[in-house]
Every structure is written in C-alpha cells, then in structure tokens.
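What follows is a single structure, and I will ask about it in a moment.
Only this structure's heavy atoms are used, side chains among them; waters, hydrogens and symmetry mates stay out.
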Amino acid sequence: MNEIRIDVLIIGAGPSGCVSASYLHKQGKKIKVVEKSKFPRFVIGESLLPRCMEHFEEVGLLDALKDFGFEKKHGARFLRGDIVCNFDFSKKHTEGWDWTWQAPRADFDNVLATELVNRGVDIAFQHEVVDVVFNADGTSVTSIKDENNSVYKIHAKHIIDSSGYGRVLPRLLDLDKPSTIPEHSSIFTHVKDTNRPEGEEGTIITFDVLDLDTWFWVIPFSNGDTSIGFVGKTAFLDSFKGSTTEKMQQLLKHSKYYYKRFEGLDFKFPPVHIKNYSKSVKQLYGKGYALTGNSAEFLDPVFSSGVTFATESAILAAKLITKELNGETVDWETDYTGYIMKGVNVFSTYVKEWYTGNLQTLFFHRPENQDVKRQICAVLAGYVWDETNPFVKKHDKIVKNLAYLIDMGKKEKANQ
C-alpha cells in the first residue's frame, strides 16, 4: 500500500482549500490537496464579498481570477414591493475593497485549482477521504480512495478540512451540532438569460423579498447565464408539488418584478433543492486539525457570507499551522475559534434579525439614514471584525433597538 508523508493534508480544492494551499506552498511546506470531485464541478455560493478579495490577493491568486473576466459585483440590491434598497460597496464605513465578483463556481474554483497545479501544488482530484486516525501528538493517518478505488495512506502533521458541504471531519469525528439559525431551505438553478436588460439592470445582483421568510435571488454572470433561486421556510417550499422543475416554475410566478424576464426559459439543469441548509459544529479545531469554511459553519445565503468565511478561516488556519510547524506556540482557542466566531456571531445576528423582520425594517425604512446605511454596508461587504463600526461592536443589540425605535415612530405618527 502506498504511503505518503507530508506536513499538511488539505481536504477540498474549493476557495478555502486553495487559499490554504497557496499560503502553505509559498511558505515551503510539503502539502497535498485531495478533492472528491472532478473539476470543473457545480457548487453553490456564487456571490462573493469584498473582504475575501484581500485573501486572494495575499496568497497570490488574484491575478488569475482577474484574467478570467467574471462579472464584477459593486454592491447588492434588495427589493420589497415598490421599495428599493441599494447598497454600494464604495459607500461603506470600513476601508477596504469596493467590489468583488459574482461568478459560476464551476469556473471560479477551476481557475483557482488550475493556477495552483501550474505552480506545482499536488492536487489529487477524484480522491476521497474514507477514514482518519489521529495520534496523541496530533499527527494523523488518513486513508484515501482514488479514482480507481485503490486505497492509500497519508501521514500528516496537520489536516485542514476545507471539504465544504462534504463536511468530512465533522462527519468522521462526530462534530456536527444543530444550527441556531431558523430552518430554511433553498431551490435553485441556472438559466441562459436571453431576456437580460442592457446596462446595470442586467448585471446587478438582486434579492427580491417576497415576505418575511421568503426571497428570490438573481445573480447574473458574465457568460450570459444567471443563477436564480428561492429561499423560504422548509414547509413552504415543500408545499409545492411535482418535480423540482415544476416547483421552480410555480415559485417564479411569486416574483412580480422578475417573472416576465424568466418566464418560459429552460433551466440549464434540474433545480437543486437543499433542505435545512444551516450547519454548525461542536468545535472549529482539534489536536492536529482545523475546520474551515462550510465544513465548520454555514449560516444562510441571504448575505453571501459563505466564501468569505471560507477564505478568512482558510488563511488564518494556514498561518497558525505554519507557526506550529516552525516551532512556535499557538493558542488555537483564542487565535482561531475566538477570532472566527466573532465574525460568525455578527453575521448570525444579521441573518436572525433578517428573519425576525428587524433588519428588513432598517433596509426598507424611508427616508434612509445614510450613516446607518454605510455602517450596515460594511457588514454586508464582509468587514465583520471592524469594531469601530457600531453595527459590528453592538450587533447583538443595535439592529433590534433601532428597528424598535422606527416602529415606535410609525405608531406615534399614525396616532397623531
């Protein structure tokens, strides 16, 4: 049986795994990436946030992405009835990138992985983790099944689990725990957007808010395709009968703004239905391993935080592992869990307050408070560790308190 000895095994070749691999490769560490799928492959999570641009830039992957020509995302639009709430990333509280991308992940992830392969990073596609045994000192032996069903072993000093929805280590080590985010599901597909309007209207990412719990996403790509998807309570989406194609056709009628644009268009693949998608774990690290991205926490697609958390945790895990490999002491509880969970907790508040209606009250209240909008925009851009922003530092109180004041003001005005 083939035995391989390396410094770090990375599970998954998506953005999280590629960012970790690029950093560690630049540090001269001996690494191997194993990816269950064959690239290019479809995966959801097509809308990025400006914060993650810093990660791609730091590890030297930005230029390869720029060269591909993905659609630029300069902000996001939220619609509710006749009210439009536009967020412009150039008008935000925190300094940082003013744009990012909205991109089909099959292409996006393939660009990243191809760039790393060209640099000499060892990425094994269609190789699946079947078992992991950790030693007392944190070293591990991982059994891998290749595309021919042959099994080999990898001896590693550390493992980074960037397996995303595969959640390899959470599954093997019994790390999963129930999410505190309300149970919602999604159904989505791609279309060839033949009715796309000219100009900004045809390129802007939009969230069409149908009711408190239900919304419709529209993510146009530079290749002429558009990602469309509905999010709603699991029971609501389950109430539609028939195939996922028939369900999607029924749901499209609920979007007054977009129905005509997508009416009658063929879906590029049968719509995918993911139920109760929010995930959590008991711990983000252990002796000899770290969980990054969706293999750790997945909140909700409403604010597109998935890829940003994936790359934020990926580069941090790679830096801390590099320190340990270099003989330095790392406080994983403070430097990893403490830091990552600060950001997770901020976004969790915004997701929960979206579905209570409090955040929607702030988005759609008129007239707009531009200072408040700039501070919220910084959160939506992924800058959720900037405690100079009141909407980060006081996230657990400020949204509900401000929504309460707005509602009280409306009641007073109605009683006058």
Lys73 charged N/C atom sitting above Phe89 aromatic ring, 6.0 Å / 45°:
no
Thr203 and Glu200: side-chain donor and acceptor closer than 3.5 Å?
no
Leu359 vs Thr361 side-chain heavy atoms within contact, under 4.5 Å:
no
Salt bridge present between Lys282 and Asp176 (N-O < 4.0 angstrom)
no
Going through the distances and angles, do Ser179 and Ser280 end up as a side-chain hydrogen bond (donor to acceptor under 3.5 Å, both in side chains)?
CA-CA 5 Å; Ser179 172; Ser280 190; 5.9 Å; no
Is it true that Tyr285 and Tyr336 have ring centroids separated by less than 6.0 Å?
no
When you measure from the side chain of Ser140 to the backbone N and O of Thr142, does any donor-acceptor pair fall under 3.5 Å?
no
Can you check salt bridge (Lys or Arg N to Asp or Glu O under 4.0 Å) on Glu57 and Lys66, steps first, answer last?
CA-CA 11 Å; Glu57 184 174 39; Lys66 282 182 175 179; over 6 Å; no
Using 0.5 Å steps for rounding, measure from the CD atom of Glu324 to the CG atom of Asn326.
10.5 Å
Whether Lys393 and Asp386 form a salt bridge (side-chain N of Lys/Arg under 4.0 Å from carboxylate O of Asp/Glu) is what I want to check.
no
Could you go through the side-chain contact (heavy atoms from CB on, under 4.5 Å) check for Val307 and Leu49 one step at a time?
CA-CA 8 Å; Val307 172; Leu49 302 182; over 6 Å; no
What is the distance from atom CZ of Phe125 to atom NZ of Lys38, rounded to the nearest 0.5 Å?
10.5 Å
Rounded to the nearest 0.5 angstrom, the NZ-NZ distance for Lys29 and Lys157 is 8.0 Å
Work out which heavy atom in Ala13 is nearest to a heavy atom in Ile123; give both atom names and the distance.
CB-CG2, 4.2 Å
With salt bridge (Lys or Arg N to Asp or Glu O under 4.0 Å) as the criterion, how do Lys192 and Asp266 come out once you've worked through the C-alpha distance, each side chain's angles and the decisive distance to 0.1 Å?
CA-CA 8 Å; Lys192 178 61 69 176; Asp266 291 332; over 6 Å; no
Shortest non-hydrogen contact from Val231 toward His184:
CG1-CB, 4.3 Å
When the ring centroid of Phe216 is compared with that of Tyr257, is the distance short of 6.0 Å?
no
Member of Tyr259, Phe262, Phe240 meeting the ring pair (Phe, Tyr, Trp, His ring centres under 6.0 Å) criterion with His254
Phe240
Could you check if a side-chain atom of Val121 sits within less than 4.5 angstrom of a side-chain atom of Val33, using non-hydrogen atoms only?
yes
Any donor-acceptor pair under 3.5 Å linking the side chain of Thr189 with the backbone of Phe269?
yes
Assess whether a salt bridge exists between Arg51 and Glu312, defined as any Lys/Arg side-chain N lying under 4.0 Å from an Asp/Glu carboxylate O.
yes
Side chain Glu246, main chain Ser243, donor-acceptor under 3.5 Å:
yes
Please examine the side chains of Arg105 and Asn110, heavy atoms only from C-beta on, and report whether any two atoms are closer than 4.5 Å.
no
Side chains of Asp208 and Ser255, donor plus acceptor under 3.5 Å:
yes
Side chains of Ile187 and Thr244 in contact at under 4.5 Å (non-hydrogen atoms)
yes
His127 and Glu147 side chains, donor-acceptor separation under 3.5 Å:
yes
Could you give the distance from CD1 (Ile398) to CG (Asn389), rounded to the nearest 0.5 Å?
8.0 Å
Less than 6.0 angstrom separating the ring centers of Trp354 and Phe363, yes or no?
yes
With a 3.5 Å distance limit and no angle check, can you tell me whether Trp385 reaches the backbone of Tyr339 through a side-chain donor-acceptor pair?
yes
Looking only at heavy atoms, which two atoms of Cys18 and Leu112 are closest? And how far apart?
SG-CB, 3.8 Å
Would a 4.5 Å heavy-atom cut-off, applied to side chains only, mark Tyr350 and Val379 as touching?
yes
Pair Glu46-Ser227, side-chain donor/acceptor within less than 3.5 Å:
yes
Check whether the ring centres of Trp217 and Phe188 lie less than 6.0 Å apart, and answer yes or no.
yes
Decide if the gap between the ring center of Phe70 and the ring center of Phe221 is smaller than 6.0 angstrom.
no
With a cut-off of 6.0 Å (strictly less than), are more than 12 heavy atoms of other residues, nucleotides or ligands near CG of Asp331?
yes
Value for OG1 (Thr245) from CZ (Phe267), rounded to nearest 0.5 Å, stands at 6.0 Å
Quick one: do Phe347 and His395 satisfy ring-ring contact (aromatic ring centres under 6.0 Å, His included)? Show the steps, please.
CA-CA 9 Å; Phe347 260 122; His395 66 92; over 10 Å; no
Mind checking whether His273 and Ser185 have side chains closer than 4.5 Å, heavy atoms only?
yes
Any side-chain donor-acceptor pair under 3.5 Å between His74 and Asp88?
no
Between Lys352 and Thr180: side-chain donor-acceptor atoms closer than 3.5 Å
yes
Pair Lys91 + Asp98, salt bridge at N-O below 4.0 Å:
no
Can a salt bridge be assigned to the pair Lys275 and Asp238 using a cut-off of 4.0 Å between side-chain N and carboxylate O?
yes
Before giving the answer on salt bridge (Lys or Arg N to Asp or Glu O under 4.0 Å), spell out for Lys26 and Glu58 the whole-Å C-alpha distance, their side-chain angles and the decisive distance to 0.1 Å.
CA-CA 11 Å; Lys26 289 175 71 176; Glu58 184 173 350; over 6 Å; no
Would you check if the side chain of Ser163 reaches a backbone N or O of Gly166 as a donor-acceptor pair within less than 3.5 Å?
no
Looking only at side chains, do Glu263 and Tyr258 share a donor and an acceptor under 3.5 Å apart?
no
Please report the interatomic distance CD1(Ile219) to CZ(Phe207), rounded to the nearest 0.5 Å.
6.0 Å
Does some side-chain heavy atom of Ile321 sit less than 4.5 Å from a side-chain heavy atom of Trp332?
yes
Shortest non-hydrogen contact from Glu35 toward Gly14:
OE1-N, 4.3 Å
Pairing donors with acceptors under 3.5 angstrom, does anything connect the side chains of Thr214 and Lys233?
no
Charged N to carboxylate O below 4.0 Å: is that the case for Arg374 and Glu368?
no
For Thr139 and Phe134: C-alpha separation, side-chain torsions, deciding distance, then whether side-chain contact (heavy atoms from CB on, under 4.5 Å) applies.
CA-CA 6 Å; Thr139 60; Phe134 284 93; over 6 Å; no
Taking the side chain as C-beta and beyond, is there a heavy-atom pair between Tyr383 and His93 under 4.5 Å?
no
